[in-house]
Amino acid sequence: MNALSLKRHPVSGINATLSLICLGGSLLTFSGCEQASDQKVIPKSSTTANQPEVETPQPPERLQENQSVVSTRVEGQQVSIQLEIPHEQVKPGTSFPVTVKFDIAPLWEIRSLEAQPENVATQLKLELPDGFETQGDWQAPPTGRSQSADSHPVYSGQVEFQQMILVTKAAQSGEYEISSQVQYQACDEFRCLSPTQKRLHVTILVDRLNSVKE
């Protein structure tokens, strides 16, 4: 009996060992389940999962209005000129500016509006259709000093001249042409070129449907 009992003890030990292993495996499995249950899954209906795309803001209307600027440009080696109006369509009873822009090459200059003799002065003459009138005189930028010995008044670089125009209440609907006759003399430090004349024009549309009422 004792011998048999001694031989059975190892079997009990093995069974005990297997029980501990199984118990440990159960604990690991249960712990793993708990860790898995801690992970949160965002449902498809969640606002985070279906967050809308950020829309690109639309440009302000005033930027779109700039697209209606009407201009014409004459390129030159020493001087380029541009005639510009801010809108392609106007209404009777309103005013708008006409702008003449000069782009003068480096080391070159043109004479002022009051230069003498008159044939070398910078001259701007508008030709307006019926129903359009000038308001006041040309608004001229300040002059600089010439590179020549007498330092007479000149314009150089980029300069703009502006004249206000009134669309009278009698102006009829339709398409009109505004022209500007431009004369200038380009000089550098040592010489002057012959006076140059250029004619520029732009087209403008008058709309009486929603004209300004008195």
Side-chain angles (χ1 to χ4, degrees), residues 62-63 65-92 94-168 170-171 174-206:
R62 64 177 179 272
L63 297 181
E65 291 178 359
N66 290 340
Q67 296 176 0
S68 66
V69 170
V70 181
S71 65
T72 183
R73 185 178 175 90
V74 176
E75 297 288 346
Q77 186 174 359
Q78 290 82 24
V79 180
S80 297
I81 313 170
Q82 181 170 320
L83 177 65
E84 181 180 289
I85 55 177
H87 306 290
E88 60 186 353
Q89 182 173 303
V90 293
K91 302 180 185 302
T94 61
S95 299
F96 64 93
V98 171
T99 305
V100 176
K101 300 180 179 181
F102 286 83
D103 190 356
I104 306 167
L107 304 180
W108 288 85
E109 58 194 35
I110 61 175
R111 298 293 187 97
S112 67
L113 299 179
E114 298 81 16
Q116 295 295 326
E118 187 177 351
N119 66 323
V120 301
T122 298
Q123 299 181 27
L124 309 170
K125 296 180 179 179
L126 281 178
E127 299 174 9
L128 300 176
D130 292 339
F132 292 75
E133 299 176 355
T134 58
Q135 291 182 309
D137 299 324
W138 282 97
Q139 299 299 309
T143 57
R145 289 296 175 181
S146 174
Q147 304 173 79
S148 61
D150 63 353
S151 301
H152 56 268
V154 296
Y155 298 110
S156 60
Q158 295 181 337
V159 291
E160 297 185 6
F161 300 84
Q162 195 169 88
Q163 171 73 68
M164 292 301 298
I165 303 297
L166 170 67
V167 186
T168 67
E175 194 173 80
Y176 296 88
E177 182 180 280
I178 295 176
S179 302
S180 179
Q181 187 76 23
V182 180
Q183 176 179 295
Y184 63 90
Q185 183 181 43
C187 303
D188 63 10
E189 186 177 0
F190 307 103
R191 61 185 175 127
C192 286
L193 305 180
S194 299
T196 301
Q197 292 186 349
K198 301 289 184 181
R199 183 178 182 274
L200 300 90
H201 70 273
V202 292
T203 301
I204 192 167
L205 183 67
V206 174

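Not measured: the values here are computed from a predicted model. Along the sequence shown, residues are numbered consecutively beginning with 1.
Here the side chains of Lys101 and Gln158 are not in contact, with every heavy-atom distance at 4.5 Å or above. Side-chain contact between Thr203 and Val70 is absent, with no heavy atoms from C-beta onward closer than 4.5 Å. Counting heavy atoms from C-beta outward, Val154 and Ile110 have side chains that stay 4.5 Å or more apart. Side-chain contact between Tyr176 and Val167 is absent, with no heavy-atom pair separated by less than 4.5 Å. Counting heavy atoms from C-beta on, the side chains of Phe96 and Ile178 come closer than 4.5 Å. Between Glu127 and Arg199 there is a side-chain heavy-atom pair separated by less than 4.5 Å.
Using modelled atom types, no side-chain atom of Gln181 and backbone atom of Leu126 make a donor-acceptor pair closer than 3.5 Å. With hydrogens and angles disregarded, no donor-acceptor distance shorter than 3.5 Å links the side chain of Glu88 to the backbone of Leu205. Counting only distance, with no hydrogens or angles, the side chain of Thr168 and the backbone of Gly131 share a donor-acceptor pair below 3.5 Å. Using modelled atom types, no side-chain atom of Glu118 and backbone atom of Gln123 make a donor-acceptor pair closer than 3.5 Å. One N or O on the side chain of Gln163 and one on the backbone of Gln135 form a donor-acceptor pair closer than 3.5 Å. Within the 3.5 Å criterion, the main-chain N or O of Ser151 finds a donor-acceptor partner in the side chain of Arg145.
In Gln139, the CD atom is not crowded: 12 or fewer heavy atoms of neighbouring residues, nucleotides or ligands sit closer than 6.0 Å. At most 12 non-hydrogen atoms from other residues, nucleotides or ligands lie less than 6.0 angstrom from CD of Gln77.
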Check your understanding: Can you list the steps and then say if Val79 with Asp103 is a side-chain contact (heavy atoms from CB on, under 4.5 Å)?
Key -> CA-CA 6 Å; Val79 180; Asp103 190 356; over 6 Å; no
Point to revise | Pair Asp188-Gln78, side-chain contact (heavy atoms from CB on, under 4.5 Å): steps then yes or no | key: CA-CA 10 Å; Asp188 63 10; Gln78 290 82 24; over 6 Å; no
Exercise for review: Evaluate the side-chain contact (heavy atoms from CB on, under 4.5 Å) criterion for residues Gln116 and His152: first the C-alpha distance (whole Å), next the side-chain angles of each, then the deciding distance (0.1 Å), finally the verdict.
Suggested key: CA-CA 10 Å; Gln116 295 295 326; His152 56 268; over 6 Å; no
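Side-chain atoms of Ser179 and Glu177 include a donor-acceptor pair closer than 3.5 Å.
Distance check, rounded to the nearest 0.5 Å: OG of Ser95 to CD of Glu133 gives 10.0 Å. With values rounded to the nearest 0.5 angstrom, Arg111 atom CZ is found 7.0 Å from Ser146 atom OG. Between the NZ atom in Lys198 and the CZ atom in Arg73 there is a gap of 12.5 Å [rounded to 0.5 Å]. Atom CD of Gln89 and atom CD of Glu175 lie 11.0 Å apart (nearest 0.5 Å). Between atom OG of residue Ser71 and atom CD1 of residue Ile85 there is a gap of 9.0 Å, rounded to the nearest 0.5 Å. Here the OG1-CD1 distance, from Thr134 to Ile165, works out to 6.0 Å after rounding to the nearest 0.5 Å.
Taking each heavy atom of Thr99 and Glu160 in turn, the nearest pair found is CG2-OE1, 3.9 Å. Taking all atoms of both residues into account, the shortest heavy-atom contact from Ala171 to Pro92 is O-CG, 3.7 Å. Smallest separation of non-hydrogen atoms from Leu113 and Thr122: CD2-O, 3.1 Å. Trp108 and Ile104 get closest at one heavy-atom pair: O-CG2, 3.4 Å. Shortest non-hydrogen contact noted between Thr72 and Leu200 is O-CD2, 3.6 Å.
Each of Trp138, Tyr184, Tyr155 was checked for a ring-ring contact (aromatic ring centres under 6.0 Å, His included) with Phe161, and the lone residue meeting it is Tyr155.
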